[in-house]
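All of these numbers come straight from a predicted model, not from anything done at the bench.
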Amino acid sequence: PMPTWYRLKVAVKHGRRFVKDLGCGRAKDIPACMRSLPIEQLQKYDDTNVVMHFPVIDGFEWDRQPVDMPMRFSGPAFVGHTTREGTFFALALGAQQLPQWMVYALVVAIFNVHAFRLFGIYEPRQSKAEFGKDAGFEFLGNIIGDIIFTCPTRSFARSSALHGHETFYWIFGETPPCEVVYGLNVTQEDLKRLGPYHAITLPYFEGNNLRGGEPTCLREGDLSSFWNTTHGYFANFVSHGDPNGPTIGRETIQPRFPRYSGGNDGQRKMLTRGFIDDVLFKQDICDYWDRVGVEAMVKKLLWWEVALSRLAHLFTSGQRGVAGKPSLRSNHLAGEDPERLHTTWSKIAKLDVATFHKLLKRASEEWAEYEQRTEIVV
């Protein structure tokens, strides 16, 4: 989720600095000057000087997540998500290093009364046939992606359609042959583990990677047809407000992109090589999260992300306080803002069973105290 402290005035200030530093500050026609610059120069600058902020659409500042905002925009909407939104974040946490039993225990501790239902709807044991040793990683990654991205996106798309906006809902499900989004040096094993990960659609839609270069590996050989069709949908929407506009090239024949109705019969376009229309993807799972309420769950998950990282560091560093509890005062993390703490769960894998359960017990106690103070009830 985007931080709410970056306001419109910060975005404007950054934009003015952006124009000035690129040499267009004194130009009579600033937009023309900016358009004359190579895309690589624009994106290289923004990649190293970017300040995050919420977008301004139709003159209305989106100061919260889109799913929480009133439908004040005009025109059509082109929205969607990947099939595995949470794998990148699970990988960043180091969840791939945890044995399955640890992942399952963490899910029980974090989601408490909801855990039994989660094991039922995600069926991690059945997925072991497909994902092998990564079944636990996939389980956690699915939960993370669904409550933060997939299900809120569906809620937004539904609201958009039901408010009368032409809505086009896509689901990207193609595993990329390379990593061109975050500039990571990942192994082929990790790339397979990531699958169609968060933000992989950016180079497909925009036609370049985040540094302004060509995402050549995404459209080489027999990949070109898929890339051209996917890029064509986005380019058509930007140009015509409808992904079913004129095709990008003569060699591209785009399957028709359905309009999403907002109901259970709403058609969604699967951005895979088959380009089928889908009505079932995670409908039951998102129905469940809608009933539970994802906003409180996201807050809880983010709290546990930081808390587990902090406690894992303390339990593996051997620094304990009274009654065997970790002491924040006895290590370099004392007084540090937990929101700025580098979060990783990889150290949890080093704990023996008894110590791991002590960590979970301590985290649960801290959560209960935090829940009482903040009146977050999930």
Side-chain angles (χ1 to χ4, degrees), residues 2-3 6-63 66 72-80 166 168 170 172 176-184 198-221 223-252 254 257 271:
M2 297 280 281
Y6 292 123
R7 306 296 295 180
L8 175 59
K9 63 181 180 181
V10 178
V12 172
K13 181 179 178 180
H14 174 63
R16 288 172 177 168
R17 180 165 61 89
F18 181 65
V19 170
K20 179 182 177 182
D21 290 352
L22 288 171
C24 292
R26 296 182 178 275
K28 292 183 178 180
D29 189 339
I30 291 178
C33 178
M34 297 293 287
R35 294 189 189 105
S36 69
L37 299 176
I39 184 65
E40 293 83 1
Q41 185 177 349
L42 295 172
Q43 291 196 305
K44 184 177 180 181
Y45 175 89
D46 208 44
D47 187 52
T48 55
N49 298 276
V50 69
V51 174
M52 295 176 65
H53 60 85
F54 276 97
V56 176
I57 300 178
D58 295 335
F60 179 64
E61 182 183 1
W62 291 38
D63 58 355
R72 297 185 182 177
F73 67 94
S74 60
F78 188 71
V79 299
E166 276 194 298
F168 301 95
W170 50 265
F172 189 93
C178 54
E179 202 296 291
V180 295
V181 178
Y182 298 103
L184 302 177
H198 177 72
I200 186 57
T201 50
L202 292 176
Y204 282 96
F205 288 167
E206 297 182 5
N208 48 261
N209 61 35
L210 295 190
R211 296 181 182 275
E214 292 279 345
T216 306
C217 61
L218 299 182
R219 54 189 185 192
E220 291 179 322
L223 300 175
S224 61
S225 178
F226 173 74
W227 190 93
N228 286 335
T229 302
T230 302
H231 180 65
Y233 282 136
F234 179 73
N236 284 336
F237 180 80
V238 171
S239 301
H240 307 283
D242 186 334
N244 299 303
T247 56
I248 294 299
R250 293 180 179 178
E251 73 282 0
T252 304
Q254 295 171 314
F257 202 117
L271 298 183

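The closest donor-acceptor contact from the side chain of Glu166 to the backbone of Phe168 lies at 3.5 Å or more, if one exists at all. At distances below 3.5 Å, not a single donor-acceptor pair connects side-chain atoms of Glu220 with backbone N or O atoms of Leu223. A side-chain donor-acceptor contact under 3.5 Å links Ser36 to the backbone of Cys33. Checked by atom type and distance alone, the side chain of Thr229 never pairs as donor or acceptor with a backbone atom of Phe226 at under 3.5 Å. Under a 3.5 Å cut-off, the side chain of His231 and the backbone N or O of Phe205 do form a donor-acceptor pair.
Ring centers of Phe172 and Tyr233: at least 6.0 Å apart, outside the cut-off.
Note that CG of Asp242 and CZ of Phe237 are 8.5 Å apart. Values are rounded to the nearest 0.5 Å. Rounding to the nearest 0.5 angstrom, the gap separating the NZ atom in Lys20 from the CD1 atom in Ile30 is 12.5 Å. For the atom pair Cys24 SG and Asp29 CG, the distance stands at 9.5 Å (nearest 0.5 Å). With rounding to the nearest 0.5 angstrom, the CZ atom of Arg16 is 14.0 Å from the CG atom of Asp21.
When all heavy atoms of Ala199 and Pro203 are compared, the closest pair comes out as O-CD, 3.9 Å. Of all non-hydrogen atoms in Gly241 and Pro76, the two that sit nearest each other are O-CG, 3.5 Å.
Taking the side chain as every heavy atom from C-beta outward, Leu218 and Val180 approach each other to under 4.5 Å. Counting only heavy atoms from C-beta outward, the side chains of Tyr204 and Pro176 approach each other to under 4.5 Å.
Classification of the Phe78-Phe257 ring pair by plane angle, with boundaries at 30° and 60°, yields tilted.
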